[in-house]
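Okay, structure first, notes after.
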Protein chains: 2
Amino acid sequence: MSQPSLYRGNLTAIVLQLLETDGRMYGYEITQKVKDKTNGSLQIKEGALYPILHKLEAENFLTVEVEKVGKRIRKYYKITEAGEKERISQLAALKEYMATMEQLFNPKLSY
Amino acid sequence: MSQPSLYRGNLTAIVLQLLETDGRMYGYEITQKVKDKTNGSLQIKEGALYPILHKLEAENFLTVEVEKVGKRIRKYYKITEAGEKERISQLAALKEYMATMEQLFNPKLSY
DNA sequence: GTGACATACCTATGTATCTTAGGTATAAAT
DNA sequence: ATTTATACCTAAGATACATAGGTATGTCAC
């Protein structure tokens, strides 16, 4: 049984945001950074992350640079201009969503 | 193509919250009230709502009373004590989720 | 030196939670 | 008379994950 997370639907936005604020990163690094930043609340699974990165790259929202560290490979991803536009768009949707949730769960009384 | 919403995963919590704050309601009424409260941002589809109501009832989180209005039927749902516990539990998860998202997208600088 | 764990990449399958798209029927509005 | 709103329902399809595997390199404790 898969245990769905509340972050469902937000992972792509989170990746775009992270690459914008923190600069180029590689996949594994992203999983760790997110875990750190959220004090372990959000652990992006590799099974979710890698397909997201590949999709964003295919959409030209990210570019990749492959680097060798010893005998291992790292694929560094960087956000493009198109990706930045996409990020802003998704951020706007997220803001509205958050505001609406606030309204539903913590309504400001409207007299 | 189905257009996924950011509210995915929150609909059950929203229904529980609504039945707690606004008292007993019937399905169609819930869809309208949510649309109203969110200024149209969130339109819970009947195809999503009715299965949720049936599931919550099966879990004893809701009770039903059927009423006749003219020749039509209304099924009024009310939250149970177990449902209230579930609501509180889901609310706590939601709060943490929202706080984490805030942290990711609007980080308070940590010196 | 070997066993465990971390790093670093990947994909295939299963599944929860929806959206879409239908259906039935009554009531109100134009 | 036709359209729209009310009020219930379910089946099929889509999405975005989680789960669960796989490969390989590097590090650390014992």
Side-chain angles (χ1 to χ4, degrees), chain A residues 1-16 24-36 40-59 61-62 64-77 86 90 93-94 97 101, chain B residues 1-16 24-36 40-59 62 64-77 90 93-94 97 101:
Chain A
M1 273 166 275
S2 64
Q3 191 78 354
S5 146
L6 289 175
Y7 297 90
R8 183 187 204 85
N10 303 140
L11 292 191
T12 295
I14 288 169
V15 169
L16 287 174
R24 69 199 283 269
M25 298 176 69
Y26 55 98
Y28 186 81
E29 189 183 8
I30 292 176
T31 66
Q32 301 307 306
K33 198 133 202 170
V34 167
K35 190 161 74 175
D36 273 15
S41 286
L42 173 55
Q43 305 194 23
I44 299 187
K45 306 298 167 25
E46 300 193 353
L49 179 62
Y50 289 115
I52 285 173
L53 291 174
H54 300 159
K55 182 158 185 285
L56 287 174
E57 186 196 350
E59 293 168 322
F61 293 152
L62 303 182
V64 197
E65 283 169 16
V66 180
E67 288 192 14
K68 271 190 167 175
V69 179
K71 287 186 178 180
R72 279 204 302 223
I73 281 177
R74 282 183 188 166
K75 298 176 81 172
Y76 279 92
Y77 290 90
E86 177 66 15
Q90 294 204 16
L94 244 170
Y97 157 67
M101 289 294 280
Chain B
M1 275 168 272
S2 63
Q3 192 79 352
S5 144
L6 289 174
Y7 298 90
R8 184 187 205 87
N10 303 140
L11 293 190
T12 295
I14 288 170
V15 168
L16 288 174
R24 70 199 284 269
M25 298 176 70
Y26 56 98
Y28 186 81
E29 189 183 7
I30 292 176
T31 66
Q32 301 307 306
K33 198 132 200 171
V34 167
K35 190 162 72 175
D36 272 15
S41 285
L42 174 55
Q43 304 194 26
I44 300 187
K45 306 300 168 26
E46 300 193 352
L49 179 62
Y50 288 115
I52 285 173
L53 291 173
H54 300 160
K55 181 157 187 282
L56 287 174
E57 187 197 350
E59 292 168 320
L62 303 182
V64 196
E65 283 169 15
V66 179
E67 287 191 15
K68 271 189 167 176
V69 180
K71 287 186 176 179
R72 280 204 301 222
I73 280 177
R74 281 183 190 167
K75 299 178 80 171
Y76 278 92
Y77 290 90
Q90 294 205 16
L94 244 169
Y97 156 65
M101 289 293 279

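All values below were derived from every heavy atom in this structure, side-chain atoms included, with hydrogens, water molecules and symmetry-related copies excluded. Remember, it's a predicted structure, so these values are computed and weren't measured experimentally.
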Looking only at side-chain N and O atoms, does [X] come under 4.0 Å of OP1 or OP2 in [N]?
X: A:Y28; N: C:dT7; value: yes
X: A:R8; N: D:dA16; value: no
X: B:Y26; N: D:dA7; value: yes
X: B:H54; N: D:dT10; value: yes
X: B:Y7; N: C:dC18; value: no

Heteroatom pairs (N/O) under 3.5 angstrom, protein to nucleotides 24-27 of chain D:
from   : atom 1 : to    : atom 2 : distance (Å)
D:dT25 : O2     : A:R72 : NH1    : 2.3
D:dG26 : OP1    : A:K71 : N      : 2.8

May I ask you to test the [X]-[Y] pair for a side-chain heavy-atom distance under 4.5 Å?
X: B:L11; Y: B:L49; value: no
X: A:Y28; Y: A:R74; value: no
X: A:V64; Y: A:L62; value: no

State, to 0.1 Å, how close [X] and [Y] come at their nearest heavy-atom pair, and which atoms those are.
X: A:Y7; Y: A:S41; value: OH-CB, 4.1 Å
X: B:G9; Y: A:L6; value: O-CD2, 3.8 Å
X: A:L53; Y: A:G27; value: CD1-CA, 3.9 Å

- Message: Within residues 45-53 of chain A, which residues have any heavy atom lying less than 4.0 Å from an atom of DNA chain D?
- Response: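 When residues 45-53 of chain A is checked for heavy atoms under 4.0 Å from DNA chain D, the hits, listed by number, are A:K45, A:G47, A:A48, A:I52.
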- Check the pair B:I14, A:M101 against side-chain contact (heavy atoms from CB on, under 4.5 Å), reporting the backbone distance first and the verdict last. CA-CA 9 Å; B:I14 288 170; A:M101 289 294 280; 4.1 Å; yes
Please report the distance, rounded to the nearest Å, between [atom1] in [X] and [atom2] in [N].
X: B:Q43; N: C:dC18; atom1: CD; atom2: C1'; value: 15 Å
X: B:M25; N: D:dT6; atom1: CE; atom2: P; value: 13 Å
X: A:I44; N: D:dA18; atom1: CD1; atom2: C1'; value: 13 Å
X: A:L11; N: D:dT19; atom1: CG; atom2: P; value: 13 Å
X: B:L42; N: C:dC18; atom1: CG; atom2: P; value: 10 Å
X: A:E65; N: C:dA8; atom1: CD; atom2: C1'; value: 18 Å
X: A:K75; N: C:dT7; atom1: NZ; atom2: C1'; value: 16 Å
X: A:K35; N: C:dA8; atom1: NZ; atom2: P; value: 13 Å

- Message: Assess whether a salt bridge exists between B:E65 and B:R24, defined as any Lys/Arg side-chain N lying under 4.0 Å from an Asp/Glu carboxylate O.
- Response: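 Between B:R24 and B:E65 there is a salt bridge, with a charged N closer than 4.0 Å to a carboxylate O.
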- Among the candidates C:dT20, C:dC10, C:dT7, find the nucleotide nearest to the side-chain atoms of A:Q32.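 The closest nucleotide is C:dT7.
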